[in-house]
Amino acid sequence: MEPVQQNMGPVLCDPQTLIKDLNPQQSEAVKYYGQALLIGAGAGSGKTRVLTRRIAWLLAHGIWASQILAITFTNKAAAEMRERLAALVGSEAEHMWISTFHSACVRILRRDGDQIGLESGFSIYDTADSERLIKLIGADLNIDLKRYTPRMILGKISDYKNSLISWKDQLKTYAADYRPGQRGYQMGRFDNVEELFAVVYAEYQYRLSQANAVDFDDLIMRTVELLRTCPQASDYYRHRFRYIFVDEYQDTNHAQYVLVRELAGIDSGEQADPHAAGAGKVGPSWITVVGDSDQSIYAFRGADIRNIQDFEEDFPNAKTIMLEQNYRSTQTILDAANAVIAKNENRKPKKLWTALGKGDPIIGYAADNAQQEAGYIASEITRLHTEEGVAYSDMAIMYRANAQSRSLEEAMINANLPYQLVGGTKFYERREVKDAIAYLQAIVNPADDVNMRRILNVPKRGLGARAEGLVAMYADRHGTTFFDGIEHLDRIEGMTGRTAKPLGAFRDLMHELTDFAREHDAKPSEVVAEVLSRSGLLEELQRSEDPQDASRVDNLSQLQSVAAEFEQNTPDATLAGFLETTALVADSDQLPGENEDSGKVTMMTLHTAKGLEYPVVFLTGMEQGTFPHSRAMEDASELSEERRLAYVGITRAKRRLYVTRAAVRAQWGQANEMMPSQFLDEIPEDLIDWKRKEAGMERMRGGWRSGFDDDDEFGGWGDDDDFGTSSFGNSSFGGSSYGAHDRSYGSSSSRGGSSHGSGRSTYGSGSRFSYGSSSYGSGRSGKAGKVTTRHTKPKALDKPKTAPASALSKDNNLDIADFHIGDRITHDQYGLGTIVDTQDKGRNSIITVDFGTDGVKRLMLRVAPIEKL
DNA sequence: AATATCGGTTTTTTT
DNA sequence: AACCGATATT
């Protein structure tokens, strides 16, 4: 929509400006002219910069944006790349495919999936959906799910799919006489576990196809299947994508590797033309992959490090360029990282270096327990902020496993520090949100038995196990779907009036919702509103006495604002399109983008932290058994992966790194003594300045008590014998009510990220969503760190009984005409701001507001909790 | 059919 | 400690 020239500047005219500020290796990578390029990009070596410049360089040399496919692992990385490309080449960036593996595959399958039996409204099952399906299958086949847990079985199936092993092959090899979909089969004794896996795998795929559904791994595997079996499709994509870029290549699994090969047409037999850089040429596409084998941390999920190690053998005429200059960290931090990763065997030696100088030493701290560790971190954050002026958003706390966030969170709340927790239970995995989405899914795809059965009795309508069983039996007998069974409820034997009545009502409800959805397909937010009110989901929660349900209502309205945001940002929005974006979000997608400042300390797992950087990083839980994780300590290759994780963690820090540990840590409610992590020993001693070298208990045991500088301001805390959570009780934290804090705080204030899909915009983000025109949940101050407890008291908020549907989709009656550039407004969360832009889009009008330190936000007038001054 | 209670399991990391 | 599923109770 914008004229190209606006952002383009001289860049396209003068390619030299694309490389003039790069180092020799970077610029070689940008300019490299050839079929296959591996950029070995060490941490902080500017890989995104090189990747985007290389794309811009190609554009400047005559290739078309539409010929480019760039693949990342997270939506956030994709959005960031798109943004940076837009800065280089302007609106040309809109014509490229820049997306995750999974969304690229969805896009392909939506277009061409019918060739392999997928109708375009197909559902995408997440892990929970898949697990439900496995349980259903397990029950039908009489499988001992105690012994073979759904998780275990799904893990196996996932392995098969990541390796492109088809269920047909497995069946042929291990259970040749099983017919998927056959009724009455009982899994009795089997000679071989493989036999059981083969049968369940086949049955699982059968039911997925009956339900017109795919799981995450299917997105990749079935796209490969499509490209391999359908020449029109593979021809189309091979000629379309002449230049393929893959980020984080070390994390690709076998299926993804094959997918890239297929898309590029490497094995098509077409002859490569070495000079075929221009548009419309023949032969395999050019491939550029970027990665760092030292940052491979997803082997447990099927990532195959060999993909990157063997790149030169796999792709003809491949070239490798290493980027080893780090622009992020101090030499001290890099020395630590280099020393740790050097302990891994079988790796190509590589040394990062920096021109930034030595910097401050790494700070070490040995706490008595997790609470004290967290207390130390909170006090350091406070000190850094007040004494040294470090912004909260420039600090991050990282840990191995999500469970560790608990005590850290407590300490942050206690110290009144603003924080933001990334990950944990995802927004879309919350029960109430999943319920609402299950309705949408069932509307879009009535064959989706898993989601249909999920909502059958949600909210409670008197349809229990018996009713479900009757319908399922009928559907099975007649080889039809669960909902089709409901359609014929009067023909079901054993149906009593007491069941038939609510069942009929459910059928009618679904018909009405389906009709409504058909008429409002382009307005997902209205469909959401309709579902929430007509189904009774919202009402049930509003009527509830359970204080947790208040935040559930919050989450549901947030779902609706996410839908509103989606239809705002997406030109041709559909309900199915909305469901896609909800299915494919990652934790890291909720993080604020590069240019946004959340004003909060970020807390996340090391896995989530990959690709990010912070001036100050706290690496916590540096204990044997915590990190490295106990389950990874036995196995050499798993330990190597833990070490790479440590490498990732250390290299996130730009200026200051803290490593902390606890001598005692409670796991499963049990206090355990923890040894210092071996990774601490692997960091050269002189790089760490220990503020507290040993925990109190360790000191007594060790005998020698020499004078280390130990400003032991927390010493008092852990002296009690009971370390567990109760030791926290004497602080301002009422132990018993904590759970409620956690819920309402975490879910609505800090966890419920709203940025999703393409979204770096933040309409819904924390906009506490105007509810029936009175701002809901306003008891919370915008800044985190301060928790306004929502006890059972504010039940008064149950009032808006009046037509919740219209209330949710209505607006707060602000007129865009009343807003002008330069006007001042206040926002419930961000505070005072100045309008810098207005866009009149009728109902969906947008104002862009500068909130100073809180950044510039685009707000949808209709839903934003703002007031004009 | 819905709710209460007990007991066993759980935590690696996620598109 | 928290979550799930199975069992018992209404």
Exercise for the section: Write down the distance between NZ (A/K610) and C1' (B/dT13), rounded to a whole number of angstrom. Expected result: 11 Å
Practice task
For A/E432 and A/N555, test the side chains for any donor-to-acceptor distance below 3.5 angstrom and give the result as yes or no.
Solution key: yes
Problem - C/dC4 versus B/dT13 - spacing of their C1' atoms, nearest Å - result: 22 Å
Practice task
Round to a whole Å and report the spacing from CG of A/L456 to P of B/dA1.
Solution key: 10 Å
Exercise for the section: Indicate whether any N or O donor in one side chain lies under 3.5 Å from an N or O acceptor in the other, for A/R261 and A/Y257. Expected result: yes
Practice task
Could you tell me whether the side chains of A/D448 and A/Y125 share a donor-acceptor contact shorter than 3.5 Å?
Solution key: yes
Problem - Lys/Arg-Asp/Glu bridge criterion (N-O < 4.0 Å) met for A/D126, A/K434 - result: yes
Exercise for the section: Can you tell me which residue pairs pass the salt bridge (charged side-chain N to carboxylate O under 4.0 Å, His left out) test with a partner in residues 451-472 of chain A, sequence neighbours excluded? Expected result: A/D435-A/R454, A/R453-A/E468
Problem - Protein proximity profile, nucleotides 4-9 of chain C - base contact B, sugar-phosphate-only contact S, no contact -, cut-off 4.0 Å on heavy atoms - result: -S----
Practice task
Would you kindly say whether A/T127 and A/S130 are connected by a side-chain donor-acceptor distance under 3.5 Å?
Solution key: no
Handout entry: Selected nucleotide, minimal atom distance to A/W668 side chain, candidates B/dT14, C/dA1, B/dA1
Key = C/dA1
Practice task
Report yes if at least one side-chain N or O of A/T605 is closer than 4.0 Å to OP1 or OP2 of B/dT14; otherwise report no.
Solution key: yes
Just the atom pairs and distances: protein N or O near nucleotides 2-5 of chain B's N or O, under 3.5 Å.
unit_1, atom_1, unit_2, atom_2, d
B/dA2, OP1, A/G462, N, 3.0
B/dA2, OP2, A/N457, ND2, 3.1

Completion exercise
Among the nucleotides B/dT13, B/dT11, C/dA2, whichever has the atom closest to the side chain of A/R406 is C/dA2
